[in-house]
Novice: 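I have a structure I would like to understand better, so I am pasting it below and will then ask my questions one at a time.
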Amino acid sequence: MDIKEILQDIKKGCAEIIGEQRLEELIKNFYEKKEVFFVKAGFDPTAPDLHLGHSVVLNKMALLQKHGAIVQFLIGDFTATIGDPSGKSATRKPLSRDEVLKNAKTYEEQVFKILDKEKTQLCFNSKWLNELGAAGMIQLSAQFSVARMLERDDFEKRFKSQNPISICEFLYPLLQGYDSVALKSDIEMGGTDQKFNLLMGRQLQRTYGLNKEQTVIMMPLLVGLDGSAKMSKSLGNYIGITDKANDMYAKILSISDELMLDYYELLSDISFAKLQALKDELKNNLLHPKKAKENLALELVARFHSKDEALNAKLEFDRVHSTNELPSEIESFECEGEIWIAKALTLCKLHESTSQARRDIKARAISVNSQKIDDEQMQLKQGEYILQVGKRKFAKLRVR
């Protein structure tokens with residue numbers, strides 16, 4: 001195997017790698033000595049579903065599994081009860097134990113859509129953090145000063161703006177770092193917003209005498225469908241890995257041409273060399289962006305569903321959008337009595353809120369029975385309606 005070529009593919013899309021020489025040694029040792037190594041990534045089970053933003057790190061770990069890695073998929077059932085302060089402007093509400101376990105179960109069911117189950121260890125950090133005890137916690141907290149903690153960007157901003165920072169939030173980076181001690185991780189992965197926490201693991205591995213420092217691989221945060229904010233379920237700009245094949249395909253086709261290349265870099269299995277060739281083809285107008293986007297959509301839908309479902313999703317999308325026909329499958333809803341259009345759109349799960357629905361009505365992004373509307377106060381009386389938002393969201397509503 002060409003180690004340099006492997007490293008080139010691993011580095012594709014990475015924002016930063018700290019300890020790259022050690023990474024190269026781990027790969028070499030696998031191919032020359034058959035020695036496996038351990039790659040850790042932590043997930044606080046704060047939401048019940050994974051989306052493509054989460055899969056950026058998972059995809060890279062899946063690639064590392066092909067080159068000798070055993071993935072330590074760490075579910076932070078202990079730390080989720082504290083709440084990760086990364087990027088937060090206020091203390092995050094901790095989850096109950098029942099919420100944590102429920103969400104962790106969903107993660108467990110979804111993660112093997114990407115990772116190789118045979119090369120993955122599911123870990124829960126309550127196993128060692130519950131055993132750490134008060135004495136261990138005091139010893140751990142003695143490793144860093146308050147001044148050092150305030151070097152962290154989000155803490156510094158909150159301190160200067162006099163927003164409260166709880167003591168337990170100071171503990172979070174220490175506990176994440178201690179996870180790397182307990183698991184003896186060789187590599188830890190995370191987003192760029194996790195840098196402080198990831199480096200904590202390197203330092204604590206030295207402090208606790210592991211005679212090594214984990215390599216840190218940081219991935220960029222995936223921008224969502226809106227083209228501006230990071231992908232987030234709360235912002236509604238996400239593509240869930242459990243989305244239906246047709247919905248996933250249509251959402252990927254909706255991204256901008258500029259964003260498409262980022263998605264290729266962070267989500268596609270395409271090699272570094274092939275990605276460079278793709279960029280050249282697009283730059284020299286040898287490949288139409290729509291065709292490149294279709295290829296990406298087919299790859300991702302096939303990954304989370306199947307090749308047949310991906311091809312069927314393409315046929316359905318082409319049929320609807322080339323002939324302006326309705327989708328062959330539209331979810332149906334019912335209600336009793338006359339209903340306000342904005343309320344109808346939320347009832348049919350086309351909008352999260354009536355205020356969002358009203359904004360889209362003003363923007364003429366809503367159609368009722370194929371006719372665009374701009375009347376925010378429209379009432380739907382007895383009958384059957386096809387509601388449409390944009391080009392790809394449809395619902396049937398029967399008003400009884």
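All values reported here derive from a predicted model rather than from experimental measurement.
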Novice: To the closest 0.5 Å, what do you measure between CZ (R358) and NZ (K362)?
Specialist: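 Interatomic distance, R358 CZ to K362 NZ, rounded to 0.5 Å: 6.5 Å.
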Novice: Looking at CD1 of I239 and CG of D247, how far apart are the two atoms once the value is rounded to the nearest 0.5 Å?
Specialist: 10.5 Å
Novice: Start with the C-alpha gap between F30 and L26, add the side-chain angles, then the distance that decides, and say whether side-chain contact (heavy atoms from CB on, under 4.5 Å) holds.
Specialist: CA-CA 6 Å; F30 172 69; L26 293 170; over 6 Å; no
Novice: Indicate the atoms forming the closest heavy-atom contact of M61 with A41, along with that distance.
Specialist: SD-CB, 3.5 Å
Novice: Distance-only, no hydrogens or angles: does the N284 side chain make a donor-acceptor pair with backbone N or O of L286 under 3.5 Å?
Specialist: no
Novice: Determine whether V223 and N237 make a side-chain contact, defined as any pair of heavy atoms from C-beta on separated by less than 4.5 Å.
Specialist: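 Not touching, per the 4.5 Å side-chain cut-off.
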Novice: Can a donor-acceptor pair be found between the side chains of T120 and Q65 at a distance below 3.5 Å?
Specialist: yes
Novice: Short question: side chain of N369, backbone of I386 - any donor-acceptor pair under 3.5 Å?
Specialist: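 Yes; judged by distance alone, with no hydrogens or angles, the pair exists.
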Novice: Go through the steps to decide whether E131 and K127 satisfy the test salt bridge (Lys or Arg N to Asp or Glu O under 4.0 Å), and finish with yes or no.
Specialist: CA-CA 7 Å; E131 294 172 359; K127 180 179 178 180; over 6 Å; no
Novice: Where do K11 and I17 land on the side-chain contact (heavy atoms from CB on, under 4.5 Å) test, with the steps shown first?
Specialist: CA-CA 8 Å; K11 289 160 65 176; I17 298 178; 3.5 Å; yes
Novice: How close do A15 and P220 get, heavy atom to heavy atom, and via which atoms?
Specialist: N-CD, 3.9 Å
Novice: What residues form a side chain to side chain contact (heavy atoms under 4.5 Å, CB included) with V399, not counting sequence neighbours?
Specialist: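 Expected list: C335, I339, L380, Y385, L397.
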Novice: Measure the spacing between CG of L175 and CG of L132 and express it to the nearest 0.5 Å.
Specialist: 7.5 Å
Novice: So, Q205 side chain and S185 main chain: donor-acceptor pair closer than 3.5 Å or not?
Specialist: yes
Novice: Decide yes or no for Y264 and L275: does some side-chain heavy atom of the first lie under 4.5 Å from some side-chain heavy atom of the second?
Specialist: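 A side-chain contact under 4.5 Å exists here.
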Novice: Just wondering, more than 12 heavy atoms not from Q21 lying within 6.0 Å of its CD?
Specialist: no
Novice: Looking at OH of Y249 and CG of L311, how far apart are the two atoms once the value is rounded to the nearest 0.5 Å?
Specialist: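 Nearest 0.5 Å value for the OH-CG distance: 9.0 Å.
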Novice: Is the distance from the ring center of F124 to that of F78 below 6.0 Å?
Specialist: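 No.
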Novice: Quick one: is the NZ or CZ of K230 closer than 6.0 Å to the six-membered ring centre of Y238, and within 45° of its axis?
Specialist: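 Relative to the ring axis of Y238, which defines the angle, K230 lies outside at least one limit.
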Novice: So, E188 and Q194: side-chain donor and acceptor under 3.5 Å apart, yes or no?
Specialist: no
Novice: Hey, what do you get for SG (C348) to CG (L387), rounding to the nearest 0.5 Å?
Specialist: 5.0 Å
Novice: Can a cation-pi geometry be assigned to K12 and F272, taking NZ or CZ under 6.0 Å from the six-membered ring centre and within 45° of the ring axis?
Specialist: no
Novice: Please report the shortest heavy-atom distance between A313 and A245, naming the atom on each side.
Specialist: CB-O, 3.8 Å
Novice: Report whether L199 and L174 are members of the same hydrophobic cluster (ILVMFWY, side-chain heavy atoms less than 4.5 Å apart, transitive linking).
Specialist: no
Novice: Should K293 and I255 count as side-chain neighbours, where that means a heavy-atom distance under 4.5 Å?
Specialist: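 When only atoms from C-beta onward are counted, I255 and K293 do touch, with a gap below 4.5 Å.
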Novice: Give a yes or no on whether F317 and L225 share a hydrophobic cluster (residues Ile, Leu, Val, Met, Phe, Trp, Tyr; joining criterion: side-chain heavy atoms under 4.5 Å apart).
Specialist: yes
Novice: Do the ring planes of Y31 and H67 sit parallel (below 30°), tilted (30 to 60°) or perpendicular (above 60°)?
Specialist: tilted
Novice: What pair of heavy atoms forms the shortest contact from A62 to L115, and how long is it?
Specialist: N-CD2, 3.8 Å
Novice: Determine yes or no for a side-chain-to-main-chain donor-acceptor pair under 3.5 angstrom, with S268 supplying the side chain and E265 the backbone.
Specialist: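 No: the side chain of S268 does not pair with the backbone of E265.
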Novice: For residues D186 and V39, determine if any side-chain heavy atom of one lies less than 4.5 Å from a side-chain heavy atom of the other.
Specialist: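 D186 vs V39: side chains apart.
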Novice: H54 side chain to H51 main-chain N or O, any donor-acceptor pair under 3.5 Å?
Specialist: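 Here the side-chain-to-backbone pair exists.
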Novice: Kindly indicate, with the supporting measurements, whether the criterion salt bridge (Lys or Arg N to Asp or Glu O under 4.0 Å) is fulfilled by K251 and D243.
Specialist: CA-CA 10 Å; K251 285 180 179 180; D243 279 357; 2.8 Å; yes
Novice: Between E352 and T346, do the side chains contain a donor N or O and an acceptor N or O under 3.5 Å apart?
Specialist: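 No pair is found: no donor N or O on one side chain lies under 3.5 Å from an acceptor on the other.
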Novice: Do you know which of N197, L129, L204 makes side chain to side chain contact (heavy atoms under 4.5 Å, CB included) with D179?
Specialist: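 Looking at N197, L129, L204, the match for D179 under the side chain to side chain contact (heavy atoms under 4.5 Å, CB included) is L129.
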Novice: Under a plain distance cut-off of 3.5 Å, with no hydrogens placed, do S126 and D77 share a side-chain donor-acceptor pair?
Specialist: yes
Novice: Using a 4.5 Å cut-off on heavy atoms from C-beta on, say whether the side chain of I341 contacts that of I373.
Specialist: yes
Novice: Would you call E213-R206 a salt bridge at under 4.0 Å N-O?
Specialist: yes
Novice: Any chain of hydrophobic side-chain contacts (each under 4.5 Å) joining I187 to I114?
Specialist: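 Linked, I187 and I114 end up in one cluster.
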Novice: Between Y178 and L171, is the side-chain contact (heavy atoms from CB on, under 4.5 Å) condition met? List the steps.
Specialist: CA-CA 10 Å; Y178 189 80; L171 290 175; over 6 Å; no
Novice: Using ring centroids (six-membered ring only for Trp), state whether F43 and F73 fall under 6.0 Å.
Specialist: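 When the ring centroids of F73 and F43 are compared, they turn out to be within the sub-6.0 Å range.
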Novice: Under a 3.5 Å distance rule, please check whether S55 uses its side chain to pair with a backbone N or O of L58 as donor and acceptor.
Specialist: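 Side chain of S55 to backbone of L58: no pair is present.
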Novice: Could you tell me whether E24 and K4 have a side-chain N and a carboxylate O separated by less than 4.0 Å?
Specialist: no
Novice: Verify salt bridge (Lys or Arg N to Asp or Glu O under 4.0 Å) between K28 and E25, making sure each step is shown before the conclusion.
Specialist: CA-CA 5 Å; K28 279 184 178 178; E25 289 174 6; over 6 Å; no
Novice: In Å and rounded to the nearest 0.5 Å, what is the CZ to CD1 distance from R22 to I27?
Specialist: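 Atom-to-atom, R22:CZ and I27:CD1 are 10.5 Å apart.
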Novice: Determine whether the side chains of S306 and E309 contain a donor N or O and an acceptor N or O closer than 3.5 Å.
Specialist: yes
Novice: Testing the basics here: between D9 and K60, what is the closest heavy-atom pair and its distance to 0.1 Å?
Specialist: O-NZ, 3.5 Å
Novice: In the single-linkage hydrophobic clustering (I, L, V, M, F, W, Y; side-chain heavy atoms under 4.5 Å), do I10 and M219 co-cluster?
Specialist: yes
Novice: Okay, side chain of R158, backbone of N163: is any donor-acceptor separation there less than 3.5 Å?
Specialist: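 Not confirmed, R158 side chain does not pair with N163 backbone.
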Novice: For residues C123 and W128, determine if any side-chain heavy atom of one lies less than 4.5 Å from a side-chain heavy atom of the other.
Specialist: yes
Novice: If every non-hydrogen atom of L267 is compared with every non-hydrogen atom of E299, which pair is closest and at what distance?
Specialist: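 Taking L267 first and E299 second, the nearest heavy atoms are O-OE2, 4.5 Å.
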Novice: Would you check if Q203 and T207 make a side-chain contact, meaning some heavy-atom pair closer than 4.5 Å?
Specialist: yes
Novice: Please check: side-chain N/O of Q214 versus main-chain N/O of L198, any donor-acceptor pairing under 3.5 Å?
Specialist: yes
Novice: Please answer whether the main-chain N or O of L350 pairs with a side-chain N or O of K393 as donor and acceptor at a distance below 3.5 Å.
Specialist: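 Side chain of K393 to backbone of L350: a pair is present.
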Novice: I'd like to know if the side chain of H288 and the backbone of L282 have a donor-acceptor N/O pair within less than 3.5 Å.
Specialist: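 The answer is no, because no donor-acceptor pair under 3.5 Å joins these two groups.
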Novice: For a side-chain contact (heavy atoms from CB on, under 4.5 Å) check, start with the C-alpha distance between E316 and N312, then their side-chain angles and the critical distance, and finish with the verdict.
Specialist: CA-CA 6 Å; E316 175 74 357; N312 288 334; over 6 Å; no
Novice: When you compare the side chain of E294 with that of K314, does any pair of heavy atoms fall below 4.5 Å?
Specialist: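 Yes. Closest side-chain heavy atoms under 4.5 Å.
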Novice: Quick check: is V389 connected to V320 through a chain of hydrophobic side chains (ILVMFWY, heavy atoms under 4.5 Å apart)?
Specialist: no
Novice: Going by atom types alone, do T354 and K343 pair a side-chain donor with an acceptor below 3.5 Å?
Specialist: no
